[in-house]
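Below is one structure, written out as structure tokens, with a few remarks after it.
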Number of protein chains: 2
Amino acid sequence: MLSRASKYAILATLYLATNSSKDKKLSVKDIASTLEVPSPFLAKLFQQLVRGKIISSTKGPTGGFFLTKKNGDKTVCDIIENIDGLNRLNECFLGLSECDGLNPCPVHFIVEPFKNSILGKFRDKSILEFAKEVDEKKQVLTLKSLES
Amino acid sequence: MLSRASKYAILATLYLATNSSKDKKLSVKDIASTLEVPSPFLAKLFQQLVRGKIISSTKGPTGGFFLTKKNGDKTVCDIIENIDGLNRLNECFLGLSECDGLNPCPVHFIVEPFKNSILGKFRDKSILEFAKEVDEKKQVLTLKSLES
DNA sequence: ATAATAAAAGACCTTTTTATCTTTTATTAT
DNA sequence: ATAATAAAAGATAAAAAGGTCTTTTATTAT
Ligand code: FES
Ligand code: FES
């Protein structure tokens, strides 16, 4: 459904949302090791997210990645769209060229309602709201936090 | 979500269900060209489905692939399990190693109900029932141009 | 100014998935 | 029996996804 790239991007962006600020930028290396994702790969993804204005960065000492207020208003959907392209979530579950009610595939009516519902939820909630909820509900961004 | 392999396998098995019988076996070549999927690839998938007793085959002239009554009782879930492995549908949407309510990822509670419901429907309905519905509702099995 | 730092950029490598090709084996109609 | 047929099996190849490495550029603390 989602590429690994999108998954990493979502996790890392949510992590930035709660753990970084303009005054506390984080390096890819640190984020990657915390979330246990391959750091050069995450670096590439972050470059692209910066180009897409979903996260922000500055170079040099004390530099790193962070979210501006404006960045925080972006959505999980924006991340997916930026990395995988939005049709990754919209496309037919069985790979037919179009997913619509006119030429439904065998599983269309089973899958369609959920697709819409999930997509809606990914579109309605901002990264910031999402991250707040993750924090409050003690949801996890990596397996690492499970240990102890 | 599903591999292309699973998608082809599901479409082709449903096609078999309505268009073949013990007396009217179909060759991969014919099925592949009708469904517009790569025929050597489909041949490989069919071999595996035969080994998994989800479809049947005989060699030689008038030979080909078909479904027995028993084959028809298998489910879409069985096909997915046979080709992709079942955890492909069960795994965490964001790729964390376990998907459970104990250590939920940020999107777990959004995605979980969807996963369970779809999985249930893929498990409850037999291939035969599925195929019958596809026929009645004039749903489509062919993919003209595909993207995954 | 200089050295240190961290992202940007781009080349490169590996693995997995998708797809093809060739040979062998089983079956059947003649 | 024989030739034709169609799947089984297995080797191979192309494409996509995932992942790494090296060099360049911008920034900042000293
Ligand atoms: S047509 Fe296949 S999911 Fe909509
Ligand atoms: S933990 Fe991620 S979907 Fe369940």
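Every heavy atom of this structure was used, including side-chain atoms; hydrogens, water molecules and symmetry mates were not. Since the model is a prediction, treat every value here as computed from it, not as a measurement. Residue numbers start from 1 in every chain, and the chains themselves are labelled A, B, ... in the order their sequence lines are given, proteins ahead of strands.
Under the side chain to side chain contact (heavy atoms under 4.5 Å, CB included) criterion, B:Asp84 pairs with B:Leu2, B:Ser3, B:Ser6, B:Ile80, B:Arg88, sequence neighbours left out.
Remark: P of C:dA7 and CZ of A:Phe46 are 9 Å apart, rounded to the nearest angstrom. C:dA7 atom P lies 17 Å from atom CD of A:Gln48, rounded to whole Å. Rounded to whole angstrom, the span from the NZ atom of A:Lys25 across to the P atom of D:dT28 amounts to 7 Å. If you take CZ of B:Phe41 and P of D:dT12, they are 19 Å apart, rounded to a whole angstrom. Remark: P of C:dA9 and CG of A:Leu45 are 14 Å apart, rounded to the nearest angstrom. Rounded to an integer number of Å, the gap from NZ of A:Lys22 to P of D:dT28 is 14 Å. Rounded to an integer number of Å, the gap from A:Leu42 CG to C:dA7 C1' is 12 Å. Atom CZ of A:Arg4 is separated from atom P of C:dT15 by 13 Å (rounded to the nearest Å).
Closest contact between the side chain of B:Val28 and the listed nucleotides D:dA7, D:dT27, D:dA8 involves D:dA7. Considering only side-chain atoms of B:Lys59, the nucleotide from D:dT20, D:dA8, D:dT27 that sits closest is D:dA8.
The side chain of A:Ser57 places an N or O atom within less than 4.0 Å of a non-bridging phosphate oxygen (OP1 or OP2) of C:dA8. At the phosphate of C:dA8, neither OP1 nor OP2 sits under 4.0 Å from any side-chain N or O atom of A:Arg51. The side chain of A:Tyr8 contributes no N or O atom lying less than 4.0 Å from OP1 or OP2 of D:dG18.
Under a 3.5 Å cut-off, the side chain of B:Asn90 and the backbone N or O of B:Asn87 do not form any donor-acceptor pair. Of the possible donor and acceptor atoms, none in the side chain of B:Ser117 sits under 3.5 Å from a partner among the backbone N and O of B:Pro113.
Here A:Ser39 lies out of heavy-atom contact (under 4.0 Å) with every strand. Across all strands shown, B:Ile55 has no heavy atoms under 4.0 Å from either base or sugar-phosphate atoms. At a threshold of 4.0 angstrom between heavy atoms, the contacts of A:Pro38 are confined to the sugar-phosphate backbone, with no base atom among them. Counting non-hydrogen atoms under 4.0 angstrom, A:Lys44 reaches a base of the nucleic acid. B:Phe65 comes within contact range of the sugar-phosphate backbone alone, with a heavy-atom separation under 4.0 Å but no base atom that close.
A heavy-atom distance below 4.5 Å is not found between the side chains of B:Cys92 and B:His108.
Note that B:Lys22 lies outside the cation-pi zone of B:Phe66, set by a 6.0 Å cut-off to the ring centre and a 45° limit from the axis.
Pair assignment for C:dA29: D:dT2, on the basis of Watson-Crick or G-U wobble contacts that are both within less than 3.5 Å. Under the Watson-Crick and G-U wobble criteria, each requiring two contacts below 3.5 Å, nucleotide C:dT17 is paired to D:dA14. Remark: D:dC21 base-pairs with C:dG10; criterion is Watson-Crick or G-U wobble with both hydrogen-bond distances under 3.5 Å.
For the pairing with A:Asn82, the side chain to side chain contact (heavy atoms under 4.5 Å, CB included) check across A:Thr13, A:Ile55, A:Leu49 returns one residue only, A:Leu49.
For residues 78-93 of chain B, proximity to DNA chain C is found at no residue, defined as any non-hydrogen atom under 4.0 angstrom from a strand atom.
Scanning atom types as modelled, no donor and acceptor separated by under 3.5 angstrom connect the side chain of A:Gln47 and the base of C:dA7.
Within a 6.0 Å radius of NZ in A:Lys132, no more than 12 heavy atoms belonging to other residues, nucleotides or ligands are found.
Residue whose closest nucleotide on DNA chain D sits further toward the 5' end, between A:Leu2 and A:Thr62: A:Leu2.
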Residues 119-128 of chain A side chain polar contacts: donor-acceptor under 3.5 Å, at least two apart:
unit_1, atom_1, unit_2, atom_2, d
A:Lys125, NZ, A:Glu133, OE1, 3.0
A:Lys125, NZ, A:Glu133, OE2, 3.4
A:Ser126, OG, A:Leu128, N, 3.4
A:Ser126, OG, A:Glu129, N, 3.1
A:Ser126, OG, A:Glu129, OE1, 3.4

